[in-house]
Trainee: 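Have a look at this one before I ask anything.
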2 protein chains.
Amino acid sequence: MQEVQQILKARNLRSTQSRKEILTYLLSNKYAVAHADVEKTLSELDRVTIYRTLSTFMEKGIIHQVSDDTGATKYAVCSHQCDSLGHHDEHVHFKCVKCEQIQCIDTVEIPDIDLPEGFRPLYSNYLIYGVCKEC
Amino acid sequence: MQEVQQILKARNLRSTQSRKEILTYLLSNKYAVAHADVEKTLSELDRVTIYRTLSTFMEKGIIHQVSDDTGATKYAVCSHQCDSLGHHDEHVHFKCVKCEQIQCIDTVEIPDIDLPEGFRPLYSNYLIYGVCKEC
DNA sequence: TTTGTTTTTGCAACATACTTGCAAATATAC
DNA sequence: GTATATTTGCAAGTATGTTGCAAAAACAAA
């Protein structure tokens, strides 16, 4: 059984053609991808199916969301053991101002912060903008 | 001359009715506001005028952007000396998972990060999710 | 305080991102 | 192979953001 089917089965998700194709695409991409990217690449799939599949993958901890300033949500495959109970891969993301690609910086954990009295932190997002290795 | 007019004049922006109302609203709000919030509150203003005004205020360093996981851009008044040449108020933002409001945590600077070889950071966004003081 | 110039606004139309309901199709378990 | 529950595709709708252009408003200077 291939990797994608194992990932789906482990989350009790049916191995449908759409899911296998979308997951394969996500795994093959070193950068975070937007819905539009999936749609362009897998053009035979319905837009709504792609939205729903990404949403399902999020819930099941297969992928995580990265929000940048463009308004379009991007997604990347989780590197560690995430599941329906939560995401456990709090790492920094890097967005290149030249190529505009977002990548996970898995080697760097998000540093903790001393918040003012009364604020209880749960999780966080840290996005660094700059010029990436490749550019 | 009122505060809002001084702010506009200092940036060489004409003191129009729309700008004065939108800026007053932004200043009166302790949380980050979305375009939709402005539209609901100042319902006599045209949608496009609000978009353009927020965009102008961004360029002139009057407000800054906060991106969260909802896809809708939010804005908050800059606390320090920002201008057309750039924003200089790199602070942490906090989004409450109960009331869903975003506020600036002006007292905490974004901690620096040691990026892998080859990455050149320029600026960053750090958003912490959790339960706020009020909730 | 009127006039001329430049900026801003409002409208129409468009573009992109995302959601919901429902019937038909498909995956899985038996 | 059949029953059942899940998933998909289509249609339609909502939310968010943009662009071009003519009319209106702000400002400066006579």
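Note on naming: letters A, B, ... go to the chains in the order of the sequence lines (proteins, then strands), and numbering restarts at 1 for each one.
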Trainee: State, yes or no, whether a side-chain contact exists between A:Ile105 and B:Phe119 at a heavy-atom distance under 4.5 Å.
Mentor: yes

Trainee: Hey, which of these two, B:Ser18 or B:Thr70, hits DNA chain C nearer its 5' end, going by closest nucleotide?
Mentor: B:Ser18

Trainee: Set out, line by line, the N/O atom pairs under 3.5 Å between protein and nucleotides 27-30 of chain D.
Mentor:
{"unit_1": "D:dC27", "atom_1": "OP1", "unit_2": "B:Ser15", "atom_2": "N", "d": "2.8"}

Trainee: Enumerate the residues from residues 38-60 of chain B whose closest heavy atom to DNA chain D is under 4.0 Å, giving them by residue number; use none for an empty result.
Mentor: B:Arg47, B:Val48, B:Tyr51, B:Arg52

Trainee: What is the distance from CG of B:Asp69 to P of C:dC18, rounded to the nearest Å?
Mentor: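 After rounding, the reported distance stands at 12 Å.
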
Trainee: Measure from NZ on B:Lys20 to P on C:dT8 and round the result to the nearest Å.
Mentor: 14 Å

Trainee: Using atom CZ of B:Arg19 as one end and atom C1' of C:dT8 as the other, report the distance to the nearest whole Å.
Mentor: 6 Å

Trainee: For residues B:Ile110 and A:Tyr126, determine if any side-chain heavy atom of one lies less than 4.5 Å from a side-chain heavy atom of the other.
Mentor: yes

Trainee: Check side-chain hydrogen bond (donor to acceptor under 3.5 Å, both in side chains) between B:Glu117 and all other residues, then give those that pass, not counting sequence neighbours.
Mentor: none

Trainee: How many whole angstroms separate atom NZ of B:Lys74 from atom C1' of D:dA15?
Mentor: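 From B:Lys74 NZ to D:dA15 C1': 13 Å.
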
Trainee: Atom CD1 of B:Ile22 and atom P of C:dT8: how far apart are they, to the nearest Å?
Mentor: 13 Å

Trainee: To the nearest 0.5 Å, tell me how far B:Glu3 CD sits from B:Gln6 CD.
Mentor: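 It is 7.5 Å, given to the nearest 0.5 Å.
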
Trainee: When you look at CD of B:Glu134, are more than 12 heavy atoms from neighbouring residues, nucleotides or ligands closer to it than 6.0 Å?
Mentor: yes

Trainee: Got a sec, which pairs hit salt bridge (Lys or Arg N to Asp or Glu O under 4.0 Å) with one end in residues 45-61 of chain B, sequence neighbours left out?
Mentor: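 Passing the test, one end in residues 45-61 of chain B: B:Glu39-B:Arg47.
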
Trainee: To the nearest Å, give me how far apart CD (A:Gln17) and C1' (C:dT28) are.
Mentor: 16 Å

Trainee: Below 4.5 Å, heavy atoms only, C-beta onward: do B:Ser67 and B:Asn125 meet side chain to side chain?
Mentor: no

Trainee: Are A:Phe57 and A:Val77 packed together at the side-chain level, in the sense that at least one heavy-atom pair is separated by less than 4.5 angstrom?
Mentor: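 Not in contact.
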
Trainee: When rounded to the nearest 0.5 angstrom, what distance separates CD in B:Glu109 from CG in B:Asp106?
Mentor: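 Spacing of CD (B:Glu109) from CG (B:Asp106) equals 10.5 Å.
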
Trainee: Rounded to the nearest Å, what distance is computed from the OH atom of residue A:Tyr75 to the P atom of nucleotide C:dA17?
Mentor: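 The answer, rounded to whole Å, is 12 Å.
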
Trainee: According to the side chain to side chain donor-acceptor pair (under 3.5 Å) rule, which pairs have a member within residues 93-104 of chain A, sequence neighbours left out?
Mentor: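 Counting only pairs at least two positions apart or across chains, the side chain to side chain donor-acceptor pair (under 3.5 Å) contacts touching residues 93-104 of chain A are A:His64-A:His93, A:Asp68-A:Lys95, A:His91-A:His93.
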
Trainee: Side-chain contact, heavy-atom cut-off 4.5 Å: A:Arg11 with A:Ile7?
Mentor: yes

Trainee: Without decimals, in angstroms, what is the distance between A:Gln5 CD and C:dT28 P?
Mentor: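 My rounded result for the distance is 8 Å.
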
Trainee: Give a yes/no answer on whether the side chain of B:Thr73 brings an N or O atom under 4.0 Å of OP1 or OP2 in D:dG17.
Mentor: yes

Trainee: Looking at five pairs on each end of the helix from C:dT1-D:dA30 to C:dC30-D:dG1, what is the angle between the two axes, given to 10 degrees?
Mentor: 30°

